[in-house]
Amino acid sequence: MTTPLAPYHEPVLLQQSVDALAIKPGGTYVDVTFGGGGHSRAILARLGPGGVLVAFDRDSDAKRNAPADPRFTLVASDFRWIANHLRFLGKLPVDGLLADLGVSSHQFDTAGRGFSFRFDAPLDMRMNQLARRTAADLLNGSDEQGLADMLRKYGEVAQAGRVARTIVAARNVRPVRTTGELVELLRPLARRGEEHGFLAQVFQALRIAVNEELSALEQLLLASPSVIRPGGRLVVISYHSLEDRLVKNWMKTGSLDGREEKDVYGNSLRPFSPVGNKAVQASAEEVLNNPRARSARMRTAVRQ
Ligand SMILES: C[S@@+](CC[C@H](N)C(=O)[O-])C[C@H]1O[C@@H](n2cnc3c(N)ncnc32)[C@H](O)[C@@H]1O
């Protein structure tokens, strides 16, 4: 008997996010985080023959999931360059944009990619396998203060200074090259019983830094007014508070730091108006079936 292949990714908040796009059958949509294509397939199912879907993913593994559908195009690029690509493809403006941020289960569960401390593998963590800098480069090349800041900011690692010091002391003897070496080095720093959570925070911080995830999101948000037509929808699913804060600020105020810009008459200059005040979360049932959905927060806004 053969073991069935693990699914590439189980889409999170699938129904809710595709509903939030308010799809018009003849419209043009963009899924900037294609992954396993679960959201894209649901969007295509709601589009008519004249509809268009452009998807982005910077991981070349995602290509294998591309549906053979004349309405669909996959762009193998970082979504931070969305405006240039859509202009080049002649698809501007679009009626809706969906971003389902973070890593796919495929990336996380593929041992050799180095995203998870469950496996021993080279410290890689690049979503784009052609990107210049791996997690090992970052870990062995950043100064101690830079490492501590990164761990604190992206992973909320409580003992960030101590962890950075430990890494620097170890790499002065020999570079840290694998997930196994990093785990062995850091496990003794965790409080008893909290090893898993502690390592998860460190690995999350490294992943966010290697892939420059927050600056990519910032650039996507800043580009969104020039990409989405008035009345069109911006739908973002995020998985940690730093992402969600940026999305919330942007949708509510039109700035990334949450300071609303106004014209001389006091009218808001924000390009979007949020749909609802609170982020949508997955139901208990969805979380039970897909634990990844636990931290998901979805926000929607309409282009003014
Ligand atoms: C959570 S998964 C998306 C899953 C997808 N919605 C599905 O249903 O299968 C996130 C995907 O976005 C990609 N990604 C993350 N940041 C990206 C960026 N800045 N540019 C392009 N792709 C990105 C990752 O490579 C990953 O495949």
Side-chain angles (χ1 to χ4, degrees), residues 5-21 29-46 53-67 72-86 96-110 113-116 124-133 135 154 204 206-224 227 235-240 242-244 246-247 282 286 289-298:
L5 280 177
Y8 193 98
H9 186 83
E10 185 69 41
V12 170
L13 291 168
L14 180 62
Q15 189 75 26
Q16 296 90 326
S17 56
V18 180
D19 283 350
L21 285 170
Y29 293 86
V30 51
D31 172 1
V32 298
T33 47
F34 177 70
H39 286 98
S40 277
R41 281 190 292 277
I43 294 169
L44 284 168
R46 293 196 192 180
L53 175 62
V54 181
F56 286 74
D57 206 299
R58 55 177 158 175
D59 185 340
S60 60
D61 284 0
K63 281 189 204 148
R64 74 173 74 150
N65 306 312
F72 177 80
T73 307
L74 179 61
V75 181
S77 165
D78 194 313
F79 59 55
R80 71 173 74 224
W81 313 121
I82 184 172
N84 286 347
H85 283 287
L86 292 182
L97 185 162
L98 172 69
D100 175 25
L101 301 169
V103 278
S104 65
S105 305
H106 166 78
Q107 289 163 331
F108 200 60
D109 295 340
T110 304
R113 302 288 301 263
F115 283 99
S116 171
D124 186 324
M125 298 198 192
R126 291 167 302 166
M127 288 182 184
N128 169 3
Q129 296 96 327
L130 299 176
R132 215 168 21 94
R133 196 180 54 166
Y154 298 151
Q204 171 182 295
L206 265 172
R207 189 203 89 210
I208 292 175
V210 167
N211 295 293
E212 300 181 53
E213 292 179 32
L214 292 178
S215 81
L217 174 60
E218 285 175 3
Q219 278 190 247
L220 174 73
L221 295 174
L222 292 170
S224 59
V227 163
V235 180
V236 185
I237 306 172
S238 52
Y239 294 87
H240 58 80
L242 292 170
E243 287 173 342
D244 186 51
L246 285 173
V247 175
E286 180 172 0
N289 292 324
N290 182 7
R292 215 192 113 74
R294 187 173 23 97
S295 51
R297 302 279 180 280
M298 183 186 88

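What you see below is based on every heavy atom in this structure, not just the backbone, and it leaves out hydrogens, waters and symmetry mates. Both ligands and their constituent atoms are indexed starting at 1 by order of listing.
Under a 4.0 Å heavy-atom criterion, Ser40 is not in contact with ligand 1. Ligand 1 does not have Ile237 within reach: every non-hydrogen atom of the residue lies 4.0 Å or more from it. Ligand 1 has at least one atom lying under 4.0 Å from a heavy atom of His39. Proximity of Phe34 to ligand 1 is established by a heavy-atom distance of less than 4.0 Å. Residue contacts with ligand 1 include Gln107, since one or more of its heavy atoms lies under 4.0 Å from the ligand. For Gly102, the closest heavy-atom approach to ligand 1 falls below 4.0 Å.
Among the atoms of Gly36, some N or O lies under 3.5 angstrom from an N or O of ligand 1. Below 3.5 Å of separation, one finds an N or O of Phe79 facing an N or O of ligand 1. For the pair Asp100 and ligand 1, the shortest N or O to N or O distance falls below 3.5 Å. Geometrically, ligand 1 and Phe56 share no nitrogen or oxygen pair separated by less than 3.5 Å. Residue Asp31 places no N or O, backbone or side chain, under 3.5 Å from any N or O of ligand 1.
Under the 3.5 Å distance criterion, with hydrogens and angles disregarded, no donor-acceptor pair is assigned to the side chains of Asp109 and Tyr8. In this model, no donor atom of one side chain and acceptor atom of the other lie less than 3.5 Å apart for Arg292 and Ser105.
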From CA spacing to verdict: side-chain hydrogen bond (donor to acceptor under 3.5 Å, both in side chains), Arg80, Ser215
CA-CA 8 Å; Arg80 71 173 74 224; Ser215 81; 3.0 Å; yes
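In terms of protein heavy atoms, atom 19 (N) of ligand 1 is closest to Asp78 OD1, 3.0 Å. Distance from atom 14 (N) of ligand 1 to its nearest protein heavy atom, with residue and atom name: Met127 SD, 3.9 Å. What sits closest to atom 13 (C) of ligand 1 on the protein, heavy atoms only, is Asp57 OD2, 3.3 Å. Of the protein's non-hydrogen atoms, the one nearest atom 3 (C) of ligand 1 is Thr33 O, 3.3 Å. At the shortest separation from atom 22 (N) of ligand 1 among protein heavy atoms lies Arg58 N, 3.2 Å.
Heavy-atom proximity to Gly37, at under 4.0 Å, picks out these atoms of ligand 1: 7 (C), 9 (O). Atoms of ligand 1 found under 4.0 Å from any heavy atom of Gly35, numbered from 1 in the order shown, are 9 (O), 27 (O). Short contacts between ligand 1 and Arg292, defined as distances under 4.0 Å to a heavy atom of the residue, involve ligand atoms 1 (C). Of all the atoms in ligand 1, the ones that sit under 4.0 Å from a non-hydrogen atom of Leu101 are 1 (C). In summary, the atoms of ligand 1 found under 4.0 Å from a heavy atom of Gly38, numbered by their order in the structure, are 7 (C), 8 (O), 9 (O).
Summarising the geometry of Leu220 relative to Ala99, their closest heavy-atom pair is CD2-CB, 4.1 Å, with the distance given to 0.1 Å. The minimum heavy-atom distance linking Gly35 with Ala62 is given by the pair O-CB, 3.6 Å.
Outside the 6.0 Å centre-distance limit, the rings of Tyr29 and Phe72 are not counted as a close aromatic pair.
Contacts between Leu217 and ligand 1, counted as non-hydrogen atom pairs separated by less than 4.0 Å, are absent for every part of the residue. Under 4.0 angstrom from ligand 1, the non-hydrogen atoms of Ser77 all belong to its backbone. Counting heavy atoms closer than 4.0 Å to ligand 1, residue Arg41 contributes nothing at all.
Residue His39 holds its NE2 atom at 7.5 Å from OG1 of Thr33, rounded to the nearest 0.5 Å.
Between Asp61 and Arg113, at least one side-chain N (NZ, or NE/NH1/NH2) sits under 4.0 Å from a carboxylate O, which counts as a salt bridge. Between Arg46 and Asp19 there is a salt bridge, since at least one side-chain N of the basic residue sits less than 4.0 Å from a carboxylate O of the acidic one. A salt bridge links Glu213 with Arg207; the closest basic N to acidic carboxylate O contact falls under 4.0 Å.
Test Asp244, Asp100, Val236, Leu13 against Met298 for side chain to side chain contact (heavy atoms under 4.5 Å, CB included) and you get one pass: Leu13.
Within the 4.5 Å cutoff, no side-chain heavy atoms of Met125 are placed close to those of Arg133. Between Leu98 and Phe34, the closest side-chain pair of non-hydrogen atoms is not below 4.5 Å. Side-chain contact between Leu101 and Ile237: absent, with no pair of heavy atoms (C-beta onward) separated by less than 4.5 Å.
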